[in-house]
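Predicted model, so just to flag it, every value in this text is computed and none were measured. One-based numbering along the sequence shown.
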Amino acid sequence: MTWRFAAVAAWLLAAPSAWAACQLVQAELPVRTVNQRPVGVLTINGTEVPMLIDSGAFFSMLQPSAAAQLGLRLQRLPSHIRLYGHTGPIEAKLTRVAQVGLLGANLPNVEFIVGGNELGSGIMGVLGRNFLSMADTEYDLAHGVVRLVFPQGDCDKVNLAHWAGDAPVIETELYERDDKGIRLAVRVNGVELRALMDTGAPRTVLQLKAARRAGVKDADLQEPGRVGGAGLGRVRSWTTQIASFELGGEKVAHNRMDVDDTDVSDEEMLIGLDYFLSHRIYVSRLQRKVYATWNGGQVFTRGDAVRAYDARYAARPAEVAHDDADALARRGEAHAARGEHERALQDLDRAIALAPQAEANWLARARLHWTLDRDDDARRDLDEALRLNPGLHEARSLRARLQAANGDADGARADLLALDQALPPSAHLREAMARTYARLDMLPQALRQWGLWEDTHGGDAQLPDMLNNRCWLRLRLNVELPLALEDCKASVRLDRDSAASRDSLGWVQLRLGDPAAAVKAFDAALAIEPLAFSHYGRALARQRLGQAEAMRSDLAAARRLNADIDAELRKQGLPVADDAPRP
C-alpha cells in the first residue's frame with residue numbers, strides 16, 4: 001500500500017485554533033456485524049427491530065414479513081416511484097409507523113417502504129439514508145459504531161478525521177444528488193470510475209462494463225457464478241485480479257475483486273462493507289467531502305497482498321475498554337467478518353467472560369465456531385444461548401440445522417417443533433426450517449413451512465430457489481408430481497438462467513413419463529452449466545426414446561463429472577441406468 005498525504009491536512013488536524021472554533025456533537029448507534037451485514041436496532045411502536053445499516057439505500061425499508069409481524073397497514077407507493085436494486089426491480093408498498101425510537105429520540109409518523117428480499121440473521125429491514133444522512137456520518141464499523149455527527153461552529157475547513165493522530169488521512173470530494181448517496185471518484189487500473197460507498201454490499205464490486213473499461217478482459221474473469229442483491233433475480237458474477245485501486249490518495253495494489261453483470265444504476269462500482277471494516281470513514285455533508293484512515297490489515301475481502309501493506313500507515317486503533325463486554329463483542333464480530341478469526345475469538349471469549357448472561361454473544365461465538373467447522377463448540381454455545389433465552393429463534397434454527405447435519409434427528413425435530421409453535425406465520429426462518437425438514441425427509445412438515453413462507457414472500461429473490469427445492473423434494477419422494485411440475489415450471493419462469501431449476505424440471509418430466517420434454521429441459525440446463533445430474537437424466541430419457549448411442553455418451557459424461565453419481569442418485573431415491581425401463 002502506498003500513500004500520498006497532504007501536509008495541509010496534517011496541519012489542519014493539529015492546529016488547536018481550528019478545533020477551538022469547531023465542535024462535533026455526536027450520537028452513537030451500536031452496530032453488530034452479523035454474517036457480513038452491519039446491524040443496528042431501532043424500535044417500531046415499542047418493538048425492537050434489527051435493521052441493516054445500509055448507506056446504499058436512499059430510503060429505509062421493512063421486509064414484508066416484518067410488516068406483517070408488526071401488524072402494519074400497507075398502501076400503494078406513489079405512481080411516480082420505481083425502485084431498483086443491484087440485481088433488478090423491487091416490488092414495494094408503503095407504510096406509516098406511529099413511533100420510531102432511534103438514538104434516544106422518539107420520531108412520530110415515520111414512513112417506510114415495504115419490500116425487498118429477506119436478509120436473514122434476524123434482520124427485519126433496512127436503515128437507509130433518510131436516517132443516516134440527517135447529519136454528518138462517521139462509520140467506525142471495525143469497532144461496531146455508527147455516529148451521527150452535528151458540527152457546531154466554524155468547521156468549514158477543519159480536517160474532520162478527528163481521530164487520525166499522525167496517520168495519513170484519505171480525503172476526497174463528495175458529489176451528491178438529491179438522494180445524498182456517498183458518491184465519489186475512484187481509479188481502477190488508472191481509469192476513473194464513479195463509485196457509491198455502500199455498507200449494504202458485503203463486498204466491493206465492479207460493474208462488468210466498468211471492469212472492461214478498466215482493462216479487464218473476458219479471459220481474466222474467473223470463478224463464474226451468480227449473485228443476488230436488492231431487487232428481483234440474480235446476475236452473473238466473477239472475480240478478477242485488479243492491479244490497482246485508488247481513492248483519495250490511497251493506492252491498494254494487487255487485489256481480487258468481484259465483477260457483476262449489472263447496470264441498473266449510474267454507479268460503476270460499489271465500495272462495500274469490506275472497505276468500511278478496514279477503514280474509519282467520516283462523511284461530511286457540510287464540506288461535501290469524505291475523510292478516512294486505514295485500520296491496518298486486509299482492505300478488500302478477496303485481497304491477497306496483506307504483506308505489501310505497511311502497518312506504519314494505519315491509524316491508531318480506537319480504544320475499547322477491557323471491561324466493556326458489548327464493545328468487545330461488536331469488535332469481535334467485525335474481526336470475524338474480516339476473516340480475522342483468532343482476534344474475533346479473543347474478543348468474544350472476553351465478552352462472554354465479562355457478561356456470561358448476554359445470549360447474543362454466545363450466538364455470535366457459535367456462528368464463528370460454525371464457520372470454522374467446530375461443530376461441537378458451536379453446539380455448546382448454542383445450548384447456552386438458548387438456556388439463557390429460549391426465545392432466541394436464530395439460535396434455535398441454527399441448532400436444528402447443526403443437529404440435522406450431524407445425525408441428531410430427534411434433537412432437530414424438537415427444535416423445529418418449538419420454532420413452529422413460537423414463530424409468527426410470516427417469519428423468515430420458516431424457509432430455513434423447510435430445508436431442515438427436507439433434510440430429515442419430513443415431507444409434510446417441509447411443504448407446510450414453504451407454504452407459510454411463500455404467503456408473504458411472493459416478490460422475494462429466494463422464491464425461485466424455494467420453488468425448485470419444493471419441486472425436488474416431491475420428486476425425490478415420488479409424491480404430488482403434478483404439483484412438483486408446477487413448482488419447477490414457475491421456478492424456470494422466474495429465473496431463466498438457473499441450470500438447477502431446468503435440471504429439476506427434466507427429472508420431474510422424466511418421472512412423469514415424458515422423456516421428450518425431459519430431453520429439452522436437460523438440453524436447456526446443460527446449455528447454462530455442465531451438470532452431471534443433467535447428463536445422467538438426459539441419458540435415461542434418451543434410453544427411453546431408444547437413442548442408445550446418445551444415451552451412452554451422456555452417461556459417460558455424467559460419470560466423468562461425478563464418479564459417485566450412481567450412488568448419489570440412489571440415495572436421492574432417483575432411478576439409475578440399470579434400473580431405467582427399456583423402450
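The ring pair (Phe, Tyr, Trp, His ring centres under 6.0 Å) analysis of residues 120-152, with sequence neighbours excluded, yields the pairs Tyr139-Phe276. Evaluation of the ring pair (Phe, Tyr, Trp, His ring centres under 6.0 Å) test over residues 331-371, restricted to residues two or more places apart or in two chains, returns none.
The closest side-chain donor-acceptor pair between Asp136 and Tyr282 falls under 3.5 angstrom. A side-chain N or O of Ser237 and one of Asp260 form a donor-acceptor pair less than 3.5 Å apart. Side-chain contact of Asn130 with Ser60: a donor-acceptor pair under 3.5 Å is present, judged by distance alone. Between Thr204 and Asp274, the side chains place a donor N or O and an acceptor N or O closer than 3.5 Å (distance only, hydrogens not considered). Ser278 and Trp294 share no side-chain donor-acceptor pair at under 3.5 Å. Side chains of Gln222 and Arg256: a donor on one and an acceptor on the other come within 3.5 Å.
Counting only heavy atoms from C-beta outward, the side chains of Leu102 and Thr43 never approach each other to under 4.5 Å. Leu196 places none of its side-chain heavy atoms less than 4.5 Å from the side chain of Ile271. Side-chain atoms of Leu148 and Thr137, non-hydrogen and from C-beta on, do get closer than 4.5 Å to each other. Put simply, the side chain of His279 reaches to within 4.5 Å of the side chain of Ile170, judged on heavy atoms. Side-chain contact between Phe245 and Arg187: absent, with no pair of heavy atoms (C-beta onward) separated by less than 4.5 Å. Side-chain contact between Arg435 and Met466 is absent, with no heavy atoms from C-beta onward closer than 4.5 Å. The shortest distance between side-chain heavy atoms of Cys22 and Asp154 does not fall below 4.5 Å. Val39 places none of its side-chain heavy atoms less than 4.5 Å from the side chain of Thr33.
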Tell me, with the steps shown, if Glu394 and Arg367 meet side-chain contact (heavy atoms from CB on, under 4.5 Å). CA-CA 10 Å; Glu394 291 285 340; Arg367 288 191 180 108; 4.2 Å; yes
Where do Asp140 and Arg147 land on the salt bridge (charged side-chain N to carboxylate O under 4.0 Å, His left out) test, with the steps shown first? CA-CA 8 Å; Asp140 188 11; Arg147 299 178 180 92; 3.6 Å; yes
Should Arg288 and Glu173 be marked as a salt bridge (charged side-chain N to carboxylate O under 4.0 Å, His left out) after you check the CA-CA gap, both sets of side-chain angles, and the distance that decides it? CA-CA 6 Å; Arg288 299 174 63 84; Glu173 296 293 324; over 6 Å; no
side-chain contact (heavy atoms from CB on, under 4.5 Å) between Asn361 and Leu328, worked out: CA-CA 10 Å; Asn361 298 342; Leu328 287 165; over 6 Å; no
Chi angles and distances behind the side-chain contact (heavy atoms from CB on, under 4.5 Å) call for Val186, Met269: CA-CA 9 Å; Val186 299; Met269 184 177 195; 3.8 Å; yes
Is there a side-chain contact (heavy atoms from CB on, under 4.5 Å) between Val205 and Val259? Walk through the geometry before answering. CA-CA 6 Å; Val205 60; Val259 177; 5.8 Å; no
Candidate pair Arg380 and Asp377, rule salt bridge (charged side-chain N to carboxylate O under 4.0 Å, His left out), full reasoning: CA-CA 5 Å; Arg380 281 191 290 270; Asp377 291 333; 2.3 Å; yes
CA sep, side-chain torsions, deciding dist, call: Arg183, Glu267, salt bridge (charged side-chain N to carboxylate O under 4.0 Å, His left out): CA-CA 8 Å; Arg183 295 182 174 84; Glu267 281 70 49; 2.6 Å; yes
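Of all heavy-atom pairs spanning Glu48 and Val41, the tightest one is CB-CG1, 3.9 Å. The shortest non-hydrogen separation linking Leu174 to Ser284 is CD2-O, 4.0 Å. Across every non-hydrogen atom of Asn189 and Ala214, the tightest pair is ND2-O, 3.1 Å. Taking each heavy atom of Leu103 and Glu28 in turn, the nearest pair found is CD2-O, 3.0 Å.
Here the straight-line distance linking atom OG of Ser397 with atom CG of Leu402 works out to 11.0 Å at 0.5 Å rounding. A distance of 11.0 Å separates CG in Asp258 from CG in Leu221, rounded to the nearest 0.5 Å. Separation of atoms CG (Asn389) and CD (Glu384) is listed at 11.5 Å; rounding is to 0.5 Å. Rounding to the nearest 0.5 Å gives a distance of 10.0 Å between CG of Asn255 and OG of Ser244. Once rounded to the nearest 0.5 Å, the distance linking CZ of Arg212 with CD of Gln207 reads 11.5 Å. Separation of atoms CG (Leu372) and CZ (Arg365) is listed at 12.0 Å; rounding is to 0.5 Å.
Between Asp326 and Arg330, at least one side-chain nitrogen of the basic residue sits less than 4.0 Å from a carboxylate oxygen of the acidic one, meeting the salt-bridge criterion. A salt bridge is absent between Glu268 and Lys209: the closest approach of a Lys/Arg side-chain nitrogen to an acidic carboxylate oxygen does not fall below 4.0 angstrom. Arg379 has no carboxylate O lying under 4.0 Å from a charged side-chain N of Asp376, or vice versa, which leaves the two without a salt bridge.
With hydrogens and angles disregarded, no donor-acceptor distance shorter than 3.5 Å links the side chain of Asp261 to the backbone of Arg236. With Thr172 contributing its side chain and Val290 its backbone, the two residues share no donor-acceptor pair below 3.5 Å.
Under the salt bridge (Lys or Arg N to Asp or Glu O under 4.0 Å) criterion, Arg401 pairs with no residue, sequence neighbours left out.
For the side chain to side chain contact (heavy atoms under 4.5 Å, CB included) test with Leu29, the passing option among Val145, Leu42, Leu127 is Leu127; the others fail.
Within 6.0 Å of CD on Gln357 lie more than 12 heavy atoms contributed by other residues, nucleotides or ligands.
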